[in-house]
Amino acid sequence: MSLLEERRPAAKPTAMPLVAPQIPAYAPWLAAVLAGGIAALAGLLLGWSLVAVVLVAWALLVVGLPAWSAAIEGERRAKDRLVTTIAWSTFALAMIPLASLAWEVVENGHAIISSEFLTYDMRGVLGAGGGIYHALMGTLIITALATAISVPIGVMAAIYLVEYGKGNRLARTITFLVDVMTGIPSIVAGLFAFALFTMIFGPGVRFGIGGAVALSVLMIPIVVRATEEMLKLVPEELREASYALGVPKWRTIVKVVLPTALGGIVTGVTLAIARVAGETAPLLIIVGTTTTLNLNPFDGRMATLPVFIFSSVTTGGKYDAEQTARAWGAALVLVAIVMTLNLLARAVGKVFAPKTGR
Amino acid sequence: AGNAEDGDGGNGASSDLTGSLAAGGASSQEAAQNAWIVGFQESNPDVTVTYDPVGSGGGRENFISGAFPFAGSDAYLTDDEGELTAATERCGGEAPIEIPNYISPIALVFNVDGVDELNLSPETIAGIFAGEITRWNAPEIAEDNPNADLPDAGINAVHRSDESGTTENFTNYLDIVAGDVWTAGAIEVWPQEFGGEGAQGTSGVVSAVKSGTNSIGYADASQAGDLSVANVGVGDEFVGPTADAAAKILDVSPRVEGRGDSSIVFELDYETEEGGVYPIVLTSYLLACPSYTGDEAEAGELSKAYLEYIISDEGQDFGAEEAGSAPLSDELQSEVQSLVEGITVE
Amino acid sequence: MATSIDISDLNIYYGDFLAVEGVGMTIRARSVTAFIGPSGCGKSTFLRSLNRMHEVIPGARVEGKVVVDGQSLYDPSVDPVAVRRQIGMVFQRPNPFPTMSIYENVLAGNRLNSKRMKKAEADDIVERSLRGANLWTEVKDRLGKPGMGLSGGQQQRLCIARAIAVEPQVLLMDEPCSALDPISTAAIEDLIHELKSDYTIVIVTHNMQQAARVSDDTGFFNLKAAGEPGHLVEFNATSKVFSNPDDPSTEAYISGRFG
Amino acid sequence: MATSIDISDLNIYYGDFLAVEGVGMTIRARSVTAFIGPSGCGKSTFLRSLNRMHEVIPGARVEGKVVVDGQSLYDPSVDPVAVRRQIGMVFQRPNPFPTMSIYENVLAGNRLNSKRMKKAEADDIVERSLRGANLWTEVKDRLGKPGMGLSGGQQQRLCIARAIAVEPQVLLMDEPCSALDPISTAAIEDLIHELKSDYTIVIVTHNMQQAARVSDDTGFFNLKAAGEPGHLVEFNATSKVFSNPDDPSTEAYISGRFG
Amino acid sequence: MSTTTTAPSAPTAVSRRGDSVFAGLATGAGLLIMLALAGVAIFLIIEGIPAISASGEQAYGKDNIVVYVWPLLFGTLLAAVIALLIATPLAVGVALVISHYAPRRVARPIGYLIDLLAAVPSVVYGLWGRAVLAPAILPVYAWLADHLGWLPFFDGPARTGRTILTAAIVLAVMALPIITAICREVFLQTPRIHEEAALALGATRWEMIRMTVFPYARSGVISAVMLGLGRALGETMAVAMVLSASGLVTINLISAENPSTIAANIALNFGNASGTKVNVLIFSGLVLFVVSFAVNFLGRWIAARGQVKA
Ligand SMILES: Nc1ncnc2c1ncn2[C@@H]1O[C@H](COP(=O)(O)OP(=O)(O)OP(=O)(O)O)[C@@H](O)[C@H]1O
Ligand SMILES: Nc1ncnc2c1ncn2[C@@H]1O[C@H](COP(=O)(O)OP(=O)(O)OP(=O)(O)O)[C@@H](O)[C@H]1O
Ligand SMILES: [Mg+2]
Ligand SMILES: [Mg+2]
Ligand SMILES: O=P([O-])([O-])[O-]
């Protein structure tokens, strides 16, 4: 060990250099304000657009803060600050579309929302007036049917994967296929349902249940994945505790594992519903649309909110303005439904979550 | 829905009809059909009519297969692919009824800085859409518009990106009047090599022209909205796309020869030099059977009533008002009416 | 009520991996038997083979004989589910069912087997078991509260109550105190002392002092080397193991020279 | 070279939770100081406050004074990054960087400061550090192989080599042997003996025998009750703590009466 | 055991039956999923086969199905790849903010906001892209065409906002939350002991991320990108509503003449298709299915391989 001592480079200034010059904690904010100020000033003088001002301010910040840091704190700290600034910038950038989208949907959609809009269909309506009741009901019915198909299959399949298959070949294959299935384009799911029902009922078939089947193709993998993750999170100890009490496996699954995982499963299912409730392409293909309320998913076209939005925007004609207004209104309703489901998913997850007490 | 029952048109007398009628076909008729459905259901509150705009081809296919009791189609039946024979078979061996019910001018809509009025000769139109005339201040355009302040800007020519009866009629016109410039013939799908912006559906073209700069496109005149529309050169004059000017073309066009009595179809005379005729016109037909029997009796009865409404004065006027189509001339209307009234239902 | 267990020539596998080799011993009824040994020597594995919990792990299997009350545990005609009702188990980390109240947790073994019972009968079992686990006075006013709301030591006693509620004959405990604070540990050790008048108790512990305090017999497991199977080095009365062990490696382990 | 550490009135928090309260002691240079105590009493927490690793945890903070070499560690002008170079740390579970070779692992700390290093210089540091960690002969022929390919004990020594490659003054070790087999443990203990001639070494261990074997001074931490903060009960020469402790609870803990 | 009780055999039989019925149901559900996926492939193949001999009028005026599908496939890949070029750096940055930069109290709402991006239905993105983004971005394209026109991508002329680049931006916004979610997970899974090892050696936060988080997360990020790619390839409505498609093959991203994508093309033409044209569209859907299957396959495979290594 004395070797170590000898080869050590000659005396450092202090034995233990712990202190390093630092720029103040408020430096990033100060830099941001300065950059913004300079850019705004230049923008005012040179007549830049707002976008240009923001871009220049950002560029100043990204260059300026690390430069300041490099001068005082050294290169390593400067790099750290550069990356920090860039990382936060990406977040800000990602928020622009969300903010714009939220603003536009509310701005363009709120005016038309009324009780008439929510309770009338489009039968006999040419210009203004009418509503989305038929589309709302269609979306609810088809989504409910898809849920009724997907949840039992998805949950049972997840139970197979976690509780029975555990790593065997079939389970691995299914896990893999489920993963791949998550990536099926929604339009392909629609084509599948179309091809399937065309072969059964002949050409030109359009009905709600076809849409439910197509949506199930999209929904099942989400349900399986969510349930699988939740079941995996149930500690092995709980299963063992139950087995050790002499409880058979299936009762252990039903009475101990599923209740413990219920919160997560409900959350996952709700998120899956939210995801498919906004699907358009498969419904366009296999459900079509209509102006009249149709509550029978086994007979004839049904309107749904997403397809209503699409066709309102793309039909055009004399009443384009009215149709577009209805489309934004329907979009607001659809976004509200989907967001509510998302919030609900989280709330439900909390309500059902096992009471940890402490 | 609360509004199903509050239609005020139910004046009792005419509405002993009940049931639902599902047909479809050419999307060009969609707006007019939507209007007709509203009008018809008003006086027949217990009838539900749906018109699926599945396209002319789909309409013919479903008509032949029996899925639709009647269909709308931008093209009449021919035996190029055996459709006429098949349709005859479908109608129990009788030749199907083919009648024009929707005549609509195809407007050239434009959005050019500082230009409100535009005259275009057939060759110029072909040159623009074929991608040969690329700037607004090109001499060909300037010649027709000596007083316009044409900008020195590129032309953004907008066409339909989907398969379209409008495209077919428009290119048919170009093919006939300017065949040496427009070399692609009459086609339903726009040929890529001619370039330009592709837009989905008539509304897509209209909104692309509206939101683009220095754009021009072709669209059913009823959808032009507040966009400027060009006058098209016919003979020595330039004619705008009004319903009257469009309706006139059927008066000057010959019937297609060699069709039976139940078929009233036209070979449009795009090269007409008749005054006041707007030549770029889309004509859409209704296909139906002369008699409906057995299972189809109810659908036949409803179809007959509905078709009668469509070609009635009331129906044609309502279509003109709501969808901008040109009402049939009196002469043509009475001819068509007798065909529809002759439909038998057992 | 309680029962002795005879083990002979027991080999325990995880798939192809032989984890424990050639164990033989007799566990006396109404006594506390402790297993000690360095980590990985197979104490838990062996314990779990005594109520057929071992086979819950995919690929796990057992060779040799475990005889309880004259019946061979691994006989094909024996139902493992029934075995586990007769031979209860308490785990290292307290694991009450998180979705159930204290009351339901105690009854879990009965209820999960869909036994229908009268309220009075159920109340009776709950009180009896909780008293048996020395937990009654602490929780009797909040039986409807979630079992997870208890402290670690209370949770562990709840698990013991749950295990004895189905009236097993043997109670296996795998390091029942290792996740607990000293005070809770003392409470559990007291409880073990009391329970031994009714049950045959087998306990695994990494704490030699605990083994010395609570057990009547002690088994010392060891590994010859990493990757080799664990084996039983010595099985003797606790007093002998801790004062005068037969095997020098036992002596070395107990005096803290390794592990 | 090595340095002593003076701690006074140190309170350590996780958010609002006071985990360790009022600790004061002086850790001598070139000696081994061991911390023992029951689980959860704050040994790791305290150790991590000595090189400002504590504040890596969100919400964690420290009150009081830690003075190293005359400088207060928690002074605002002090750069935590510099502190951690001077006060190295070895963790409970060996944690070589999985994507790096043995060679790169050893140099990981050095590379941070001086990107460009001559090959000869780098080779020199690697050999010196691996020799220092008693690992050189075992790995010198496979320096390019991944560090994860070593056995647990070798990995732990690799981590020690990595820590001493940046030439710190103090080496903190949190239960460095608890994941290791007895043979590897012995190797690490030997190494600690050797290292103490150059470094100030602080080690946390749950194994009292180990504390007795390797340390010069021993600190005993305890909890008054669950949920209460941990505190330093006694800090004395190891020989005194193990033979004749000042505090009765130290005695109780060491003799295995709890924990 | 006391002599009165022997292992009871009656309840055994009952519980065994329950066990096997339940296990059968579970296995059946698993098999059904395999069947469903096979069904998707089989039905698409059956309905797609007649398209192979389609030509001329039936193939939308193209000589054969290959000539028809190829430009669509090109457009699909082009839009998806551009979308990923935009989304990936953003997603990695946002994921890092959530996993390593934002204080915990802020990280959660940030994650939620990003998740909201994924919750917006694609038709609403379409509406937004068409009505808001396209007109807003046209001046940017004009600027690009003027200043960077020498690059083939920005050749222009910029006459409409509804270009393939706009569509790709919308796709990027839609793929961003997916990539972010996965990246965030893998970043968070970086073993704490490795991160602390780096910090204890005196690394700054960025150095710690480069030393431990990125190497650990590499395969996870790649598979996240592949999954984002899958989403971008298959997205239908947003593209259908935003893009002005001419159906040609070009890398000029901001002109009025844009390639179309398979999914959007199907959605736009399906309603009007009849006869063999339906088969032609389904065939193009089959091509899309195969491509996205392959991409997902690759993504999962990379992810799975990464796990073995870690
Ligand atoms: N599920 C399993 N699959 C494969 N091997 C296992 C499994 N569980 C334990 N083992 C192996 O079996 C051997 C014995 O493990 P066991 O858990 O029984 O040891 P132990 O004595 O209880 O140790 P500890 O004191 O750490 O709990 C070890 O080598 C272990 O790696
Ligand atoms: N990240 C954390 N956040 C909040 N509390 C923590 C955290 N880490 C530890 N604690 C708490 O701080 C207290 C001291 O924990 P610490 O890990 O320092 O104990 P220890 O003596 O090292 O225990 P062990 O021997 O089990 O390692 C405990 O009450 C623990 O629950
Ligand atoms: Mg164990
Ligand atoms: Mg610790
Ligand atoms: O009427 P279109 O066929 O042009 O849509």
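Just so it is clear: chains get the letters A, B, ... in the order the sequence lines come, proteins before strands, and each one is counted from 1. Side-chain atoms are counted along with the backbone in the values below, which use heavy atoms only and exclude waters and symmetry mates.
Heavy atoms closer than 4.5 Å to chain E are found nowhere in A:Leu305, neither backbone nor side chain. For a residue to count as touching a neighbouring chain, one of its non-hydrogen atoms must lie under 4.5 Å from one of that chain's; by this rule A:Leu170 touches chain E with the side chain only. When heavy atoms are compared at a cutoff of 4.5 Å, A:Phe310 approaches chain E by way of both its backbone and its side chain. Of the two parts of E:Val278, only the side chain, counted from C-beta on, holds a non-hydrogen atom closer than 4.5 Å to a non-hydrogen atom of chain A. Residue contact with chain A, scored on non-hydrogen atoms closer than 4.5 Å, involves the side chain of E:Ile46 exclusively. In this structure, the portion of E:Leu268 lying under 4.5 Å from any heavy atom of chain A is its side chain and not its backbone. Of the atoms belonging to A:Val247, not a single heavy atom falls under 4.5 Å from chain E. Proximity to chain A (any heavy atom under 4.5 Å) is restricted, for E:Pro89, to the backbone atoms N, CA, C and O. Heavy atoms closer than 4.5 Å to chain A are found in the side chain of E:Ala131, but not in its backbone. In this structure, the portions of A:Val180 lying under 4.5 Å from any heavy atom of chain E include both its backbone and its side chain. Only the side chain of E:Met237 comes within less than 4.5 Å of a heavy atom in chain A; its backbone stays farther off. At a 4.5 Å heavy-atom cutoff, the contact between E:Leu176 and chain A is made by side-chain atoms alone.
Among E:Leu31, E:Ile110, E:Leu25, E:Leu44, the residue with the largest count of heavy-atom pairs under 4.5 Å with chain A is E:Ile110. Your options are A:Val178, A:Asp179, A:Leu284, and the one with the most heavy-atom pairs under 4.5 Å with chain E is A:Asp179. For the set A:Asn342, A:Val313, A:Val307, A:Ile159, the count of heavy-atom pairs under 4.5 angstrom toward chain E peaks at A:Val313. For the set A:Gly278, A:Ala157, A:Pro306, the entry with the most heavy-atom pairs within less than 4.5 Å of chain E is A:Ala157. Highest contact tally toward chain A, considering only E:Leu227, E:Val173, E:Leu117, is held by E:Leu117 [criterion: heavy-atom pairs under 4.5 Å]. Counting heavy-atom pairs closer than 4.5 Å to chain E, the top residue among A:Arg77, A:Arg275, A:Met339 is A:Met339. For the set E:Leu288, E:Thr27, E:Ile209, the entry with the most heavy-atom pairs within less than 4.5 Å of chain A is E:Thr27. Contact count against chain A (heavy-atom pairs under 4.5 Å) is highest for E:Leu113 among E:Leu113, E:Leu96, E:Ile98. The residue among E:Gly48, E:Gly129, E:Ser292, E:Gly126 with the most heavy atom pairs within less than 4.5 Å of chain A is E:Ser292. Note: E:Ile266 leads E:Leu233, E:Ile266, E:Leu281, E:Ile262 in heavy-atom pairs under 4.5 Å with chain A. Listed options A:Val51, A:Leu93, A:Ile220 were ranked by heavy-atom pairs under 4.5 angstrom with chain E; first place goes to A:Leu93.
Using the six-membered ring where Trp is involved, E:Phe22 and A:Trp250 have ring planes that are tilted, between 30° and 60° apart.
E:Ala36 and A:Met181 get closest at one heavy-atom pair: CB-CE, 4.2 Å. E:Gly285 and A:Val188 make their closest contact through O-CG2, 3.6 Å (heavy atoms, listed as atom of the first residue, atom of the second, distance). Shown here for E:Pro121 and A:Val335, the closest heavy-atom pair between the two residues is CD-CG2, 4.2 Å. Considering all non-hydrogen atoms of both residues, A:Ala94 and E:Val94 come closest at CB-CG2, 4.1 Å. For the residue pair E:Leu127 and A:Ala331, the shortest heavy atom distance occurs at CD2-CB, 3.8 Å. In terms of heavy-atom proximity, A:Ser100 sits nearest to E:Val132 at OG-CG1, 4.0 Å.
Atom CG of residue A:Leu177 and atom CZ of residue E:Phe297 lie 9.5 Å apart, to the nearest 0.5 angstrom. Taking CZ from A:Arg76 and OG1 from E:Thr204, the interatomic distance works out to 6.0 Å, rounded to the nearest 0.5 Å. Once rounded to the nearest 0.5 Å, the distance linking OG1 of A:Thr173 with CD1 of E:Ile33 reads 12.5 Å. With rounding to the nearest 0.5 angstrom, the CG atom of A:Leu98 is 7.5 Å from the CD1 atom of E:Ile114. Remark: E:Leu32 CG to A:Ile174 CD1 distance equals 10.0 Å, nearest 0.5 Å. The structure places NZ of A:Lys249 at 12.5 Å from OG of E:Ser20, a figure rounded to the nearest 0.5 Å.
Under the 4.5 Å side-chain criterion, counting only non-hydrogen atoms from C-beta, E:Val40 is in contact with A:Val217. Between E:Tyr112 and A:Leu343 there is a side-chain heavy-atom pair separated by less than 4.5 Å. E:Val120 is listed as a side-chain neighbour of A:Leu101, based on a closest heavy-atom distance under 4.5 Å.
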List the steps, then state whether side chain to side chain contact (heavy atoms under 4.5 Å, CB included) holds for E:Arg300 with A:Thr182.
-> CA-CA 11 Å; E:Arg300 302 292 174 184; A:Thr182 352; 3.7 Å; yes
After noting the C-alpha distance and the side-chain angles of A:Phe192 and E:Phe289, does the key distance pass the ring-ring contact (aromatic ring centres under 6.0 Å, His included) rule?
-> CA-CA 10 Å; A:Phe192 158 67; E:Phe289 177 62; 9.5 Å; no
Go through the steps to decide whether A:Phe194 and E:Phe270 satisfy the test side chain to side chain contact (heavy atoms under 4.5 Å, CB included), and finish with yes or no.
-> CA-CA 11 Å; A:Phe194 176 85; E:Phe270 204 83; 3.6 Å; yes
Evaluate side-chain hydrogen bond (donor to acceptor under 3.5 Å, both in side chains) for A:Thr84 paired with E:Trp206, printing each intermediate quantity in order.
-> CA-CA 8 Å; A:Thr84 308; E:Trp206 166 238; over 6 Å; no
Please assess A:Thr280 against E:Thr236 for the test side chain to side chain contact (heavy atoms under 4.5 Å, CB included), listing each intermediate value before the final yes or no.
-> CA-CA 8 Å; A:Thr280 316; E:Thr236 310; over 6 Å; no
After noting the C-alpha distance and the side-chain angles of E:Tyr101 and A:Phe91, does the key distance pass the ring-ring contact (aromatic ring centres under 6.0 Å, His included) rule?
-> CA-CA 11 Å; E:Tyr101 281 90; A:Phe91 169 65; over 10 Å; no
Does the side chain to side chain contact (heavy atoms under 4.5 Å, CB included) test come out yes or no for E:Glu207 and A:Val83, once each step is laid out?
-> CA-CA 10 Å; E:Glu207 287 163 348; A:Val83 176; over 6 Å; no
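More than 12 non-hydrogen atoms from other residues, nucleotides or ligands lie less than 6.0 angstrom from CZ of A:Arg346. A 6.0 Å sphere centred on CZ of E:Phe214 holds more than 12 heavy atoms belonging to other residues, nucleotides or ligands.
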